Undergrad: 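Below you will find the structure I want to go over with you.
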2 protein chains.
Amino acid sequence: MVKRTSFENDPCPVARALEVIGDWWSLLIVREAFFGVRRFNEFQGKLGLAKNILASRLRTLVEHGILRPVPAADGSAYHEYLLTPKGQGIFPILVALRQWSEQFDPRPEEIATVLVDRNNGRPVRTLELHAEDGRLLSPADTTLQPRSTAKSKKAGTRSSATSN
Amino acid sequence: MVKRTSFENDPCPVARALEVIGDWWSLLIVREAFFGVRRFNEFQGKLGLAKNILASRLRTLVEHGILRPVPAADGSAYHEYLLTPKGQGIFPILVALRQWSEQFDPRPEEIATVLVDRNNGRPVRTLELHAEDGRLLSPADTTLQPRSTAKSKKAGTRSSATSN
DNA sequence: CGCAATCAGTTTCATCATGCAACCAGAAAG
DNA sequence: CTTTCTGGTTGCATGATGAAACTGATTGCG
């Protein structure tokens, strides 16, 4: 790789997100955390990844404020990894990934689980993008605007490099 | 790497999605495609990635049915890469990533752009997960159920391994 | 038509990251 | 107090990534 290119200074929010959670394991670790997995060995057992990789990922997830090590839990001297609010904010991303697979996977019959409303056991709705006034928006109904730095509001039409 | 572990047979739809678009460049390529980028050099210029990597990524995106090479376009003998419906289905994932950055990035002032309604230039709403009946759902309001194989409807409480 | 520049890659080659396995210290259990 | 469990770290082997150089068509231009 000669240094995997870093996106942390990229002005694109998508790139910035990928910089943090865009690797092969981080999102799966977070997914497990959503299901109550908290301990090192538990993550390792569920995901089957190497311990050094897990240790490394947990470290960076903690550094990025996605997981938080809490001192104890059941009384033992070890610690557990809990989702922070920032970590919980990843939920829509997981849902979007899941729904994309559900819709387009070439072998959907191999998908084992469905995300349901705990209340009545019925599948959740597909995520939709809405306008401020509630209208449903398709990709084509949207554009990127340069971030309004306190002023300016219209602009549209993207310009240079990796600027979206 | 001694063979990066593959998720393509994992029953978890999140893992399956990551198998396809979970690397460092694919989602950014798709993002550019949403903005009308179509040609090899154009991708390369915007993203600044090595040509061999780009060639490799484009190939797998085409293999997975996310991009489609169309013979011509402006009359030249080259071809262009267009998003398929499956590729367009990635939009919510990009939006979810973008919104996560917007909400939790430690230096949000460095984010250059805002996704707006093309109609009136106002920011779009944040993605929300809703129940079938329209109620807003938080992560805690949801569970995973084993996929109903024609029959059965209640079950809850996840069981074994990487099964969500 | 002839030649230079462009497009779309492919081919080395060096370096980095990943994965496996082995090892290890501190805590808990017996 | 020896054993086991937890939560790692260390040391390779190998694959993935990236920079740069190279190639073979295609186009642009005089």
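Residue numbers begin at 1 in each chain, while the letters A, B, ... track the order of the sequences. Keep in mind that this is a model prediction, so the values were computed, not measured.
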Undergrad: Closest to the B:F40 side chain: D:dT26, C:dT18, C:dA8?
TA: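 Within the option list, the nearest is C:dA8.
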Undergrad: Taking the six-membered ring for Trp, are A:W24 and B:F7 parallel (under 30°), tilted (30 to 60°) or perpendicular (over 60°)?
TA: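 Correct class here is tilted.
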Undergrad: Does A:N41 make a side-chain donor-acceptor contact with the base of D:dG7, cut-off 3.5 Å?
TA: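 Result: no qualifying N/O pair found.
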Undergrad: Verify the contact: side-chain N or O of B:H79 to OP1 or OP2 of D:dT26, cut-off strictly under 4.0 Å; return yes or no.
TA: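 For D:dT26, neither OP1 nor OP2 has a side-chain N or O of B:H79 closer than 4.0 Å.
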Undergrad: Quick one: B:L54 CG to D:dA20 P, roughly how many Å, whole number?
TA: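 That distance rounds to 17 Å.
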Undergrad: Closest to the A:N52 side chain: D:dT27, D:dG7, D:dT10?
TA: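 Taking heavy atoms from C-beta onward, the closest nucleotide is D:dT10.
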Undergrad: Taking CZ from B:R59 and C1' from C:dT11, how many angstroms apart are they, rounded to a whole number?
TA: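 Between C1' of C:dT11 and CZ of B:R59: 12 Å.
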Undergrad: How many Å lie between CH2 on B:W24 and P on D:dG18, as a whole number?
TA: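 Going from CH2 in B:W24 over to P in D:dG18 covers 10 Å.
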Undergrad: Report yes if a side-chain nitrogen or oxygen of B:T5 is closer than 4.0 Å to either non-bridging phosphate oxygen (OP1 or OP2) of C:dT18; otherwise report no.
TA: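 No, B:T5 has no side-chain N/O under 4.0 Å of OP1/OP2 on C:dT18.
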Undergrad: Just compare C:dA27, C:dC20, C:dT18 and give me whichever is closest to any side-chain atom of A:A77.
TA: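 Of C:dA27, C:dC20, C:dT18, C:dA27 is nearest to the side chain of A:A77.
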Undergrad: Rounded off to whole Å, could you give me the CG-to-C1' distance for the B:L28 and D:dG18 pair?
TA: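 The answer, rounded to whole Å, is 16 Å.
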Undergrad: Measure CD/B:Q44 against C1'/C:dA8 and give the value in whole Å, please.
TA: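 So the two atoms are 10 Å apart, to the nearest Å.
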Undergrad: Would B:R31 and A:C12 count as a side chain to side chain contact (heavy atoms under 4.5 Å, CB included) here? Give the steps.
TA: CA-CA 10 Å; B:R31 177 198 68 176; A:C12 167; 2.5 Å; yes
Undergrad: Regarding B:Y81, tell me which of base, sugar-phosphate or nothing describes its non-hydrogen contacts under 4.0 Å with the strands shown.
TA: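 Here B:Y81 touches the backbone only, sparing every base.
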Undergrad: In this structure, how many angstroms lie between the P atom of C:dC7 and the CZ atom of B:R38, rounded?
TA: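 In whole Å, C:dC7 P and B:R38 CZ are 17 Å from each other.
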Undergrad: Angle class for the B:H79/B:Y81 ring planes (parallel below 30°, perpendicular above 60°, tilted otherwise)?
TA: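 Geometry flag for B:Y81 against B:H79: perpendicular rings.
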Undergrad: Could you please name the option among D:dG7, C:dA8, D:dG18 that lies closest to any side-chain atom of B:Y78?
TA: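 The closest nucleotide is C:dA8.
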Undergrad: B:K51 has an atom NZ; how far is it from atom C1' of D:dA16, in whole Å?
TA: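 Atom-to-atom, B:K51 to D:dA16, this comes out as 20 Å.
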Undergrad: Decide yes or no for B:R135 and A:N119: does some side-chain heavy atom of the first lie under 4.5 Å from some side-chain heavy atom of the second?
TA: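 Yes, at least one pair of side-chain atoms sits under 4.5 Å.
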Undergrad: A:R39 has an atom CZ; how far is it from atom C1' of D:dG8, in whole Å?
TA: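 Interatomic distance, CZ of A:R39 to C1' of D:dG8: 13 Å.
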Undergrad: Starting from the C-alpha separation in whole Å, work towards a yes-or-no answer on side chain to side chain contact (heavy atoms under 4.5 Å, CB included) for A:L47 and A:V37.
TA: CA-CA 11 Å; A:L47 292 172; A:V37 173; over 6 Å; no
